[in-house]
2 protein chains.
Amino acid sequence: MDVQRSGCPINLTLEVVGDRWSLIIIRDMMFGNRRHFRELLGRSEEGIASNILADRLKRLMAEGLIGRADDPTHKQKAIYSLTEPAIQLVPLLVQMGAWGRRHLGVTPELSIRAQLLEEGGPELWSDFMDELRAAHLGAPAPDKSPPVSQRLQRAYEEVVSRAA
Amino acid sequence: MDVQRSGCPINLTLEVVGDRWSLIIIRDMMFGNRRHFRELLGRSEEGIASNILADRLKRLMAEGLIGRADDPTHKQKAIYSLTEPAIQLVPLLVQMGAWGRRHLGVTPELSIRAQLLEEGGPELWSDFMDELRAAHLGAPAPDKSPPVSQRLQRAYEEVVSRAA
DNA sequence: CGCAACCGATTGTGATTTGCAACCACTTGC
DNA sequence: GCAAGTGGTTGCAAATCACAATCGGTTGCG
C-alpha cells in the first residue's frame, strides 16, 4: 500500500484509504463518535483486530488524516481526532453510503443515515463537517439546531424502535 | 474480501470495491475507454499483474459490475463493459479524484480531468453517465456536443502540450 | 502453408499482508 | 491490594499479492 504507482488523483486516494479498514475507522470516528483505541476496537460491527487497528492508526497519523492527544483524565488513554483532510472525506463517504444503499443488501437501520445524508445534499454535508470541526479541531461550534449528528442518531433510533 | 461483516452501506461498498485494484480497473474502463484484457493490463500507469487482473475481472463480473462479451472481430477477444451499477460509481470516483487532487501530490496532467469533473457538478456527471450508458449498454446516444469524454480528453492533451 | 505476433488467461514461486489469540506493562477505581 | 481497563505488541498460520514464465488457441501476413 506504500508503493506509489501513479500521480492519478483516484489512484493516490486509493493508496491512502483504499484498503479494507482505513475508511471503516474514519467512519466510526465520524459517525460513531469513537475516539479511543478500545472504542474503535470493540464496538464496531466489523470487528477489527487490534494489531491491524494499531497499524492503521499509525499509518493514518503518518498521512495526516488523524491526530492523537493524551486524555487528561487517564494517563494511558489516547484521544484520536479527525484532521481537516479527513473531515473533507465526508462527501466521499456519503457517496459510498449512497451507492451501497442503492445496489447492495443493506439493513434498514444502518441505511437510514446514509439516506438522510444523501437527501440532505451538500448543504447538510457542510453543516455536518462544521460539527466535526467543532468536535475534533476545537473550531467554534456552528450552533445549528438540531445538530446533524443528532438528527442522524434520532432517525436511526426511530427505525430501530419501529423494527422492535 | 468476501466475508460479510455488517450491513452498513459504507462497509458493503468497501467489501465490493474496497481493494487496491477494482476501482482502478473501473476507472480505466470509464475514463480510459479500455475494454480488452490486454488494454487493461498494459497501458495503465499502475501496472497490474495479469493474474490479479483476471481475478478482479472475474470477481467484478460475479458482483454484476462489469459484463463480458465476445468480440466479433476476434474469436479469443473479450469485450468488457460497465453495467449500470458500475456507471453509478461515477460520483464516487469524482469525489475520490476531488479529494486526491486537493490533498495529495497529484500531477497536473492527471488532475485536470478530476478538476473539470468536480467543477462540472452533478449535471456534468449525469451527461457523462449517459455517454457511458451509450458506449457500454447500447443505450441511445445522448447527443450532446461536444461529449464530456471528448472535453476531458482535450483538456488533458492541452495540459500535456503546454508542459512540453 | 508457415510462422510470428497477439489473445485471455493460468501456473509456480516467494514476499507481503491479514486474521486471530494470547499476552504485556501500566493506570485507575474501589 | 487487586480486578478491571488502558493502548498496544508478539507469534503464528492462512490468505493474498507481485512477478515472471508459460499455455493453447487465433490472427494477420508473406
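These numbers come from a predicted model, not from an experiment. Proteins get letters first, then strands, A, B, ... in listed order; numbering begins at 1 in each.
Taking the nucleotide of DNA chain C with the nearest heavy atom to each of A/Ile52 and B/Met61, the more 5' of the two is matched to B/Met61. Mapped onto DNA chain D by nearest heavy atom, B/Lys75 and B/Asn51 fall at different nucleotides, with B/Asn51 at the one closer to the 5' end.
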Item to check | Footprint string (nucleotides 1-6 of chain C, 5' to 3'): B base within contact, S backbone only, - free, heavy atoms under 4.0 Å | outcome: ------
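Of the listed nucleotides (D/dG7, C/dG8, D/dT9), C/dG8 has the atom at the smallest distance from the side chain of B/Arg68. Closest to the B/Ser50 side chain, of the nucleotides D/dG7, C/dA22, D/dA20, is D/dA20. Side-chain atoms of A/Phe37 lie closest to D/dG7 of the nucleotides C/dT18, D/dC17, D/dG7.
B/Arg35 meets the side-chain contact (heavy atoms from CB on, under 4.5 Å) test with B/Asn33, B/Glu39, B/Ile79, B/Ser81, B/His136; sequence neighbours excluded. Among residues two or more places apart in sequence or in another chain, the salt bridge (Lys or Arg N to Asp or Glu O under 4.0 Å) test is passed with A/Glu157 by none.
We find that CG of B/Leu60 is positioned 16 Å from P of C/dG8, with the value rounded to whole Å. Taking atom CG on B/Leu41 and atom P on D/dA20, their separation rounds to 12 Å, with Å as the unit. Going from atom CG of B/Asp70 over to atom C1' of C/dC7 covers 12 Å, rounded to whole Å. Note: CZ (A/Arg20) to P (C/dT17) measures 18 Å, nearest angstrom. Between the P atom of C/dC20 and the CG atom of A/Leu53 lies a distance of 14 Å, rounded to the nearest Å. For the pair B/Lys58 NZ and D/dT16 C1', the computed distance is 15 Å after rounding to whole Å. In this structure, A/Ile25 places its CD1 atom 14 Å from C1' of D/dG7, rounding to the nearest Å. Taking atom CD of B/Glu15 as the reference point, atom P of D/dT16 lies 13 Å away to the nearest angstrom.
Checked for salt-bridge contact, B/Glu131 and B/Lys144 miss the test: no charged N lies under 4.0 Å from a carboxylate O. Salt-bridge annotation for A/Lys58 and A/Asp55: absent, with no side-chain N of the basic residue lying under 4.0 Å from a carboxylate O of the acidic one.
Side chains of B/Asn51 and B/Arg56: a donor-acceptor N/O pair is absent below 3.5 angstrom, by distance only.
Here the closest heavy-atom approach between residue B/His36 and residue B/Asp71 is recorded as CE1-OD2, 3.3 Å.
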Item to check | Trace of the salt bridge (Lys or Arg N to Asp or Glu O under 4.0 Å) decision for B/Arg162 with B/Glu158 | outcome: CA-CA 6 Å; B/Arg162 188 152 27 192; B/Glu158 194 186 337; 3.5 Å; yes
